[in-house]
Amino acid sequence: MSFYDNNPTVIKSCLLRMDKPSFINHALEIKSLFLGLDYEDYNANFRYKYSNLYVWCRDVYRKKFA
């Protein structure tokens with residue numbers, strides 16, 4: 001089971017406890033997962049999940065680390 005198979009709330013909770021380098025690495029991995037999905041119907045929920053997580057990561061980074 002991958003870290004990113006969890007509920008988005010669980011992922012966010014884990015990300016909030018990370019230091020800056022780990023947070024950045026995971027945010028970039030979420031971005032690559034989002035960009036790696038094609039536009040098929042069966043990927044719609046994953047695209048929505050990863051896009052929302054990446055936008056959340058950008059906002060949290062600005063507030064927490066900038």
Side-chain angles (χ1 to χ4, degrees):
M1 182 173 175
S2 171
F3 172 73
Y4 302 108
D5 290 340
N6 289 317
N7 183 314
T9 306
V10 174
I11 297 170
K12 289 176 184 178
S13 174
C14 292
L15 288 170
L16 283 173
R17 288 185 259 131
M18 292 182 182
D19 59 344
K20 185 176 181 177
S22 297
F23 185 88
I24 292 170
N25 288 336
H26 282 280
L28 291 174
E29 191 169 345
I30 290 168
K31 181 181 178 182
S32 69
L33 287 170
F34 166 64
L35 294 175
L37 292 172
D38 54 2
Y39 286 94
E40 299 296 325
D41 288 339
Y42 61 88
N43 284 334
N45 288 336
F46 290 115
R47 286 187 58 79
Y48 182 73
K49 173 183 171 179
Y50 293 135
S51 68
N52 284 343
L53 274 173
Y54 183 65
V55 168
W56 179 86
C57 284
R58 287 188 340 207
D59 292 341
V60 168
Y61 179 82
R62 288 182 190 135
K63 292 176 185 174
K64 186 174 180 179
F65 299 115

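Only heavy atoms go into these numbers, but all of them, side chains included; no hydrogens, no water, no symmetry mates. All residue numbers in this chain count up from 1 along the given sequence.
Expressed to the nearest 0.5 Å, how far CG of Asp59 lies from NZ of Lys63 amounts to 6.0 Å. How far CG of Leu33 is from OG of Ser2: 7.5 Å, rounded to the nearest 0.5 Å. Rounding to the nearest 0.5 Å gives a distance of 7.0 Å between CG of Asn52 and NZ of Lys12. In this structure, CG in Leu53 is found 5.0 Å from CD1 in Ile11, a value given to the nearest 0.5 Å. Note that CE of Met18 and CD1 of Ile24 are 12.0 Å apart. Values are rounded to the nearest 0.5 Å. Of the inter-residue distances, the one linking Tyr54 atom OH with Lys31 atom NZ reads 4.0 Å to the nearest 0.5 angstrom.
Of all the heavy atoms in Ile30 and Cys57, the pair that sits closest is CD1-SG, 4.1 Å. Between Arg17 and Lys64, the shortest heavy-atom distance links the atoms N-NZ, 4.4 Å. Taking every heavy atom of both residues into account, Trp56 and Leu15 meet most closely at CZ3-CD1, 3.7 Å.
Distance alone, capped at 3.5 Å, is enough to place a donor-acceptor pair between the Asn6 side chain and the Phe3 backbone. At distances below 3.5 Å, at least one donor-acceptor pair connects side-chain atoms of Arg47 with backbone N or O atoms of Phe34.
With no hydrogens or angles considered, a side-chain donor-acceptor pair links Asp19 and Ser22 at under 3.5 Å.
Atom CZ of Phe65 sits in a crowded spot, with more than 12 heavy atoms from other residues, nucleotides or ligands closer than 6.0 Å. The number of heavy-atom neighbours closer than 6.0 Å to CG of Asn45, taken from other residues, nucleotides and ligands shown, is 12 or below.
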*For Phe23 and Leu16, run side chain to side chain contact (heavy atoms under 4.5 Å, CB included): C-alpha distance rounded to whole Å, both residues' side-chain angles, the deciding distance at 0.1 Å, then the answer.*
CA-CA 8 Å; Phe23 185 88; Leu16 283 173; 5.7 Å; no
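A perpendicular orientation is assigned to the rings of Tyr4 and Tyr50, their planes being inclined by more than 60° (bins at 30° and 60°).
Cluster annotation: Val10 and Tyr48 are assigned to distinct hydrophobic clusters (Ile/Leu/Val/Met/Phe/Trp/Tyr, side-chain heavy-atom contacts under 4.5 Å, transitive).
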